[in-house]
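One structure below.
Values in this document were obtained by computation on a predicted structure and should not be read as measured data. Worth knowing before you read on, the calculation uses all heavy atoms, side chains too, and leaves out hydrogens, waters and symmetry mates.
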Amino acid sequence: MKILIYSDNEWVIESVEKYIDFEYELMTNISLEDLNDRVDFIFVDMQVKNNGGPSIIRDLKRQNITKNIPIALIADREADEFQANRVGADFFAVKPLSKSKLNKFFNIE
């Protein structure tokens, strides 16, 4: 399984990795031009460098290679759920992440 994470905070990337208990390949901050392989899941941090997570999600949902891939917005506060829904995020989670939150995104009971 291939997982792509857009974040410039190492602790966010580590918190996603911490709770994944299946075999996976992790890619981080790959530009759409460099994304040659299909990924299975995408995580987007609320703020990545000078670009907002919702803007990144909006761009991903417009691209043929990523438009049907489940995308999660990892936010700092519950109030950001509105933006996640508005840009088409398939899942929303507030930091800190937990195993139960991630299992819901991966559809693991």
Side-chain contact, heavy-atom cut-off 4.5 Å: Leu102 with Phe43? yes

Report yes if the distance between the aromatic ring centroids of Phe106 and Phe22 is under 6.0 Å, otherwise no. yes

For Ala75, does its backbone N or O pair with a side-chain atom of Asp45 as donor and acceptor, under 3.5 Å? no

Give the minimum heavy-atom separation between Lys61 and Ile71, together with the two atoms involved. CE-CD1, 3.8 Å

Between Asp40 and Lys2, does any side-chain N to carboxylate O distance fall below 4.0 Å? no

Output for pair (Lys104 NZ, Ser98 OG), nearest 0.5 Å, gives 8.0 Å

Taking Tyr19 as the starting point, is it possible to reach Val12 by hopping between hydrophobic residues whose side chains are less than 4.5 Å apart? yes

Walk me through whether Glu17 and Ile3 qualify under side chain to side chain contact (heavy atoms under 4.5 Å, CB included). CA-CA 10 Å; Glu17 285 186 290; Ile3 299 170; over 6 Å; no

Between CG on residue Leu97 and OG on residue Ser100, distance to nearest 0.5 Å: 10.0 Å

Would one find more than 12 heavy atoms of other residues, nucleotides or ligands at under 6.0 Å from atom NZ of Lys99? yes

Nearest-0.5 Å distance that lies between atom OG1 in Thr66 and atom CD1 in Ile57: 11.0 Å

One should read off an interatomic distance between Asn85 CG and Phe92 CZ, to the nearest 0.5 angstrom, of 8.5 Å

State whether the side chain of Ser7 and the backbone N or O of Ile13 hold a donor-acceptor pair below 3.5 Å, judged by distance alone. no

Output, in order, the C-alpha distance, side-chain angles, deciding distance and verdict of side chain to side chain contact (heavy atoms under 4.5 Å, CB included) for Val39 and Ile30. CA-CA 11 Å; Val39 296; Ile30 306 272; over 6 Å; no

Testing Ile42, Ile5, Leu35 for side chain to side chain contact (heavy atoms under 4.5 Å, CB included) with Met27, which one passes? Leu35

Test your reading of the model: is there a side-chain donor-acceptor pair from Tyr6 to the backbone of Met46, 3.5 Å cut-off? no

What is the distance from atom CD of Glu25 to atom CG of Leu4, rounded to the nearest 0.5 Å? 10.5 Å

Tyr24/Phe41 under ring-ring contact (aromatic ring centres under 6.0 Å, His included): CA gap, chis, key distance, verdict: CA-CA 10 Å; Tyr24 65 94; Phe41 296 98; over 10 Å; no

Please report the interatomic distance CD(Gln47) to CG(Asp8), rounded to the nearest 0.5 Å. 8.0 Å

Check: Pro96 main-chain N/O paired with Lys101 side-chain donor or acceptor under 3.5 Å: yes

